[in-house]
A.B. asks: 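Below you will find the structure I want to go over with you.
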Amino acid sequence: MIELKGCGTALVTPLTSSNLVDLDAFSALVRWQVDSGVNFLVPAGTTGESVTLNEEEYRTVVRTCVEAANGDVPVVAGAGNNNTEHAIHLSRIAEEQGASAILSVSPYYNKPTQEGLYQHFKAINDNCSIPIIIYNIPPRSVVDMNVDTMARLFELKNIIGVKDATANLNRVDEQKKKMGPDFLQLSGEDATALEFNLRGGAGCISVTANVAAKLCSEFQNAALSKNNSNLLAKAKEIN
């Protein structure tokens with residue numbers, strides 16, 4: 001079972017002046033992240049221009065991240081889409097390119113019901129073989145996956161947790177109570193990562209880590225060690 005705790009970086013995708021993916025810069029960024037101590041990497045997510053990458057660029061970004069990481073840390077590829085069939089397609093590509101897991105966002109714009117959310121993620125679950133982290137981000141997708149729907153999905157074989165960008169810290173407690181400690185809870189908001197961890201979260205998929213990888217990884221490692229004094233000190237450094 002892969003370890004997806006601590007600091008995961010929502011990697012940017014560097015582009016050249018011609019709007020092509022700068023693979024040399026991207027590989028260097030990945031190695032700098034690994035050398036700075038991050039726990040896992042998230043390429044081709046929404047921070048990484050996922051909605052504007054074409055299929056070949058997506059495939060190349062995931063593969064390049066896996067190759068540059070060289071097995072030192074897991075790679076969790078962004079593979080979400082509001083078209084269920086396309087989300088399945090991206091998930092399969094990510095798996096083929098060697099990703100350890102996928103991050104799949106709730107369908108944006110479509111405003112699915114809770115049953116629609118369940119069926120969307122169940123279809124992805126049924127058509128891939130690697131762990132899936134649900135990305136619940138109501139400000140962007142409009143819909144909020146409720147705790148009961150999440151609990152139903154957690155019963156499926158590949159769904160292991162959530163990237164929670166609700167900014168509602170009570171959800172950490174509610175989800176832990178409903179799904180138990182084995183349900184992986186990662187913050188999707190750097191600004192709430194401190195309290196998220198103190199309430200029992202397991203880490204953060206961080207945008208800030210793109211520019212402060214060592215500090216963000218030290219902060220998350222302090223959280224995992226339950227060293228609250230060190231955690232608060234690192235939080236002050238970040239702020």
A.B. asks: Do Arg59 and Glu56 sit within salt-bridge range, that is, some charged N less than 4.0 Å from a carboxylate O?
C.D. replies: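 Salt bridge: yes.
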
A.B. asks: For Pro112, is there any backbone N or O sitting under 3.5 Å from a side-chain donor or acceptor partner on Asn110?
C.D. replies: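 Flag not set: sc Asn110 to bb Pro112 has no pair under 3.5 Å.
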
A.B. asks: Would Lys122 and Asp126 count as a salt bridge (Lys or Arg N to Asp or Glu O under 4.0 Å) here? Give the steps.
C.D. replies: CA-CA 6 Å; Lys122 183 179 184 301; Asp126 293 349; 2.7 Å; yes

A.B. asks: Any non-hydrogen side-chain atom of Val30 less than 4.5 Å from a side-chain atom of Leu11?
C.D. replies: yes

A.B. asks: State yes or no: do Leu53 and Ile88 share one hydrophobic cluster built from I, L, V, M, F, W and Y residues joined by side-chain heavy-atom distances below 4.5 Å, directly or via other members?
C.D. replies: no

A.B. asks: When you measure from the side chain of Ser206 to the backbone N and O of Thr208, does any donor-acceptor pair fall under 3.5 Å?
C.D. replies: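 It does hold such a pair.
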
A.B. asks: Does the side-chain contact (heavy atoms from CB on, under 4.5 Å) test come out yes or no for Leu103 and Ile134, once each step is laid out?
C.D. replies: CA-CA 6 Å; Leu103 176 68; Ile134 297 162; over 6 Å; no

A.B. asks: Given 3.5 Å as the limit, does a donor-acceptor pair link the side chain of Thr149 with the main chain of Met145, or not?
C.D. replies: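 It does not hold such a pair.
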
A.B. asks: I'd like to know if the side chain of Asp144 reaches the main chain of Asn146, judged simply by a donor and an acceptor atom lying under 3.5 Å from each other, with no hydrogens or angles considered.
C.D. replies: no

A.B. asks: Which residue, Leu29, Val207, Val211, forms the side chain to side chain contact (heavy atoms under 4.5 Å, CB included) with Val12?
C.D. replies: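 Considering Leu29, Val207, Val211, a side chain to side chain contact (heavy atoms under 4.5 Å, CB included) with Val12 is found only for Leu29.
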
A.B. asks: Within the structure provided, determine whether Val21 and Leu15 are in side-chain contact (heavy-atom separation under 4.5 Å).
C.D. replies: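 Val21 reaches Leu15 side chain to side chain.
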
A.B. asks: With a 4.5 Å cut-off on side-chain heavy atoms, are Tyr109 and Val142 touching?
C.D. replies: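 Answer no - side chains too far apart.
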
A.B. asks: Is Thr52 reaching over with its side chain to a backbone N or O of Glu49, donor-acceptor style, under 3.5 angstrom?
C.D. replies: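 The answer is yes, because a donor-acceptor pair under 3.5 Å joins these two groups.
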
A.B. asks: Do Phe40 and Cys7 have side chains that get closer than 4.5 Å, going by heavy atoms?
C.D. replies: no

A.B. asks: Determine yes or no for a side-chain-to-main-chain donor-acceptor pair under 3.5 angstrom, with Asn125 supplying the side chain and Asn158 the backbone.
C.D. replies: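 Yes.
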
A.B. asks: May I have the step-by-step check of salt bridge (Lys or Arg N to Asp or Glu O under 4.0 Å) for Glu218 and Lys214, ending in yes or no?
C.D. replies: CA-CA 6 Å; Glu218 288 175 348; Lys214 186 173 187 293; 2.4 Å; yes

A.B. asks: The test is side-chain contact (heavy atoms from CB on, under 4.5 Å); show your working for Asp22 and Asp24 and say whether it passes.
C.D. replies: CA-CA 6 Å; Asp22 189 334; Asp24 290 338; 3.9 Å; yes

A.B. asks: Kindly give the heavy-atom pair with the smallest separation between Ser225 and Ala222, and that separation in Å.
C.D. replies: OG-O, 2.8 Å

A.B. asks: Can you name the nearest heavy-atom pair linking Tyr58 to Ala94, along with the distance?
C.D. replies: OH-CB, 3.6 Å

A.B. asks: At their closest point, which heavy atom of Phe26 faces which heavy atom of Thr64, and how far apart are they?
C.D. replies: CD2-CG2, 3.8 Å

A.B. asks: Quick check against the 3.5 Å criterion: does Glu3 have a side-chain atom that pairs as donor or acceptor with the backbone of Asn39?
C.D. replies: no

A.B. asks: Go through Asn168 and Glu174 one step at a time and tell me if the side-chain hydrogen bond (donor to acceptor under 3.5 Å, both in side chains) criterion holds.
C.D. replies: CA-CA 10 Å; Asn168 177 2; Glu174 293 168 5; 5.2 Å; no

A.B. asks: I'd like to check Tyr135 versus Val162 (side-chain heavy atoms, cut-off strictly below 4.5 Å). Are they in contact?
C.D. replies: no

A.B. asks: Run the side-chain contact (heavy atoms from CB on, under 4.5 Å) test on Thr9 and Val42 for me, step by step, so that the C-alpha distance in whole Å, both residues' side-chain angles and the decisive distance to 0.1 Å come before the verdict.
C.D. replies: CA-CA 6 Å; Thr9 306; Val42 185; over 6 Å; no

A.B. asks: Quick check: do Asn136 and Ser106 have side-chain heavy atoms less than 4.5 Å from each other?
C.D. replies: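 Yes, at least one pair of side-chain atoms sits under 4.5 Å.
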
A.B. asks: Please give me the minimum heavy-atom distance between Gln33 and Ala209, naming the atom from each residue.
C.D. replies: NE2-O, 3.0 Å

A.B. asks: Quick one: do Thr46 and Val105 satisfy side-chain contact (heavy atoms from CB on, under 4.5 Å)? Show the steps, please.
C.D. replies: CA-CA 9 Å; Thr46 47; Val105 68; 5.5 Å; no

A.B. asks: Count the heavy atoms belonging to other residues, nucleotides or ligands that lie under 6.0 Å from CZ of Arg140, then report whether that count exceeds 12.
C.D. replies: no

A.B. asks: Would you say the side-chain atoms of Tyr118 pair up with the backbone N or O of Thr113, donor to acceptor, closer than 3.5 Å?
C.D. replies: no

A.B. asks: Checking the side chain of Ser141 only, and the main-chain atoms of Tyr108 only, is there a donor and an acceptor separated by less than 3.5 Å?
C.D. replies: no

A.B. asks: Are any non-hydrogen side-chain atoms of Asp72 and Asp35 less than 4.5 angstrom apart?
C.D. replies: no

A.B. asks: Could you check whether any side-chain heavy atom of Leu41 comes within less than 4.5 Å of a side-chain heavy atom of Val73, counting everything from C-beta outward?
C.D. replies: yes

A.B. asks: Show, in sequence, the C-alpha distance, side-chain angles and deciding distance for Arg152 and Glu115, and conclude whether the salt bridge (Lys or Arg N to Asp or Glu O under 4.0 Å) test is met.
C.D. replies: CA-CA 10 Å; Arg152 289 178 68 198; Glu115 182 62 24; 2.9 Å; yes

A.B. asks: Look only at the side chain of Gln185 and the backbone of Val172, and say whether a donor-acceptor pair between them is shorter than 3.5 Å.
C.D. replies: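 Between the backbone of Val172 and the side chain of Gln185 there is a qualifying donor-acceptor contact (under 3.5 Å).
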
A.B. asks: May I have the step-by-step check of side-chain hydrogen bond (donor to acceptor under 3.5 Å, both in side chains) for Arg199 and Asn170, ending in yes or no?
C.D. replies: CA-CA 9 Å; Arg199 287 181 178 231; Asn170 290 328; 3.1 Å; yes

